[in-house]
Amino acid sequence: MDRISVLEGFLAEDPDDPFNSYALALEYLKSDNKRARDLFEDLLNKNPNYLPTYYAFAQLLAEQQDPGAADIFRQGIEIASRADDQKTLKELANAYNDWLFEQS
């Protein structure tokens, strides 16, 4: 059984656990960016406070040169700030600033 099948099984067993969708999206980043993007979008719609999603999803959009990366970075920064999650806030802010620098 391949890793994607295992992760899809976990998601089917517990669709309300955001980690299952997140782990599956990360796995799809290796082979199917469209599927990964769909999973990240669904995850943010259902679990907007699940912080790990923002960094991975924004990076995917940045790699695809999608200007929507800025919105995802900013949303993640705002949520991390509200949650007082300084580590995630710093990671997102640094990645966002690096992305902005690359855009100029």
Side-chain angles (χ1 to χ4, degrees):
M1 200 175 213
D2 68 12
R3 189 166 171 83
I4 287 178
S5 296
V6 170
L7 293 169
E8 285 177 341
F10 291 156
L11 181 59
E13 287 175 19
D14 191 358
D16 295 328
D17 182 349
F19 179 76
N20 292 330
S21 295
Y22 177 71
L24 184 58
L26 290 181
E27 193 62 29
Y28 269 114
L29 283 175
K30 300 173 187 174
S31 63
D32 186 346
N33 285 341
K34 167 87 172 86
R35 180 72 175 124
R37 183 179 180 141
D38 291 345
L39 285 163
F40 284 136
E41 288 173 348
D42 187 56
L43 184 54
L44 287 183
N45 286 329
K46 292 179 180 174
N47 300 282
N49 293 322
Y50 191 69
L51 278 170
T53 308
Y54 290 90
Y55 184 89
F57 187 29
Q59 289 293 74
L60 171 62
L61 295 176
E63 289 171 13
Q64 295 177 338
Q65 298 182 345
D66 186 322
D71 291 334
I72 301 301
F73 276 125
R74 287 191 297 260
Q75 289 170 17
I77 289 167
E78 180 181 325
I79 291 169
S81 180
R82 280 192 311 224
D84 198 29
D85 184 334
Q86 295 302 310
K87 181 179 184 288
T88 303
L89 178 60
K90 184 177 180 180
E91 289 173 351
L92 282 166
N94 286 340
Y96 180 49
N97 287 331
D98 289 346
W99 180 78
L100 287 173
F101 180 75
E102 291 173 8
Q103 301 307 302
S104 57

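Nothing here was measured: the structure is a model prediction, and the numbers come from that model.
Counting only distance, with no hydrogens or angles, the side chain of Asn20 and the backbone of Asp14 share a donor-acceptor pair below 3.5 Å. Here the side chain of Asn97 pairs a donor or acceptor atom with the backbone of Ala93 at under 3.5 angstrom. Side-chain atoms of Asn47 never come within 3.5 Å of backbone atoms of Asn49 as a donor-acceptor pair (strictly under, hydrogens ignored). No side-chain donor-acceptor contact under 3.5 Å links Asp42 to the backbone of Asp38.
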Next item on the list: Determine, step by step, whether Asp16 and Lys46 satisfy the salt bridge (charged side-chain N to carboxylate O under 4.0 Å, His left out) criterion, reporting the C-alpha distance in whole Å, the side-chain angles of both residues, the deciding distance to 0.1 Å, and the verdict.
Entry: CA-CA 9 Å; Asp16 295 328; Lys46 292 179 180 174; over 6 Å; no
Notebook entry, point to check: Could you walk me through whether Arg74 and Glu78 pass the salt bridge (charged side-chain N to carboxylate O under 4.0 Å, His left out) check?
Noted result: CA-CA 6 Å; Arg74 287 191 297 260; Glu78 180 181 325; over 6 Å; no
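Interatomic distance, CG of Leu60 versus CD of Glu41, reported as 9.0 Å (0.5 Å rounding). In this structure, Ile4 CD1 and Lys30 NZ are separated by 8.5 Å, a value rounded to the nearest 0.5 Å. Considering CD of Glu91 and CG of Asp85, their distance stands at 8.5 Å, rounded to 0.5 Å. Note that CG of Leu61 is 9.0 Å distant from CH2 of Trp99, once rounded to the nearest 0.5 Å. Here the CZ atom belonging to Phe73 is positioned 4.5 Å from the CD atom belonging to Gln59, to the nearest 0.5 angstrom. Ile77 contributes atom CD1, which lies 5.5 Å from atom CG of Leu92 (distance to the nearest 0.5 angstrom).
Connectivity analysis of hydrophobic side chains (ILVMFWY, heavy atoms under 4.5 Å, direct or indirect) links Phe101 to nothing; its cluster partners are none.
Taking all atoms of both residues into account, the shortest heavy-atom contact from Leu11 to Ser21 is CD1-OG, 3.3 Å. Closest non-hydrogen pair, Leu26 versus Ala56, comes out as CD2-CB, 3.9 Å. Scanning both residues, Asn33 and Gln64, for their nearest heavy atoms gives CB-NE2, 3.5 Å. Heavy atoms only, all atoms of each residue included: Ile79 and Tyr54 are closest at CD1-OH, 3.1 Å. Between Glu27 and Leu7, the closest heavy-atom pair is CB-CD1, 3.7 Å. Taking both residues in full, the closest heavy atoms of Pro48 and Asn45 are given as CD-O, 4.1 Å, listed atom of the first, atom of the second, then distance.
Leu39 is not connected to Leu44 by any chain of hydrophobic side-chain contacts under 4.5 Å among Ile, Leu, Val, Met, Phe, Trp and Tyr, and they are in different clusters. If you chain together hydrophobic residues whose side chains sit under 4.5 Å apart, Val6 and Leu29 never meet in one group.
Residues passing the side chain to side chain donor-acceptor pair (under 3.5 Å) test with Arg35: none are found, sequence neighbours excluded.
A ring pair (Phe, Tyr, Trp, His ring centres under 6.0 Å) check over residues 14-50, counting only residues at least two apart or in different chains, returns the pairs Tyr22-Tyr50, Phe40-Phe57.
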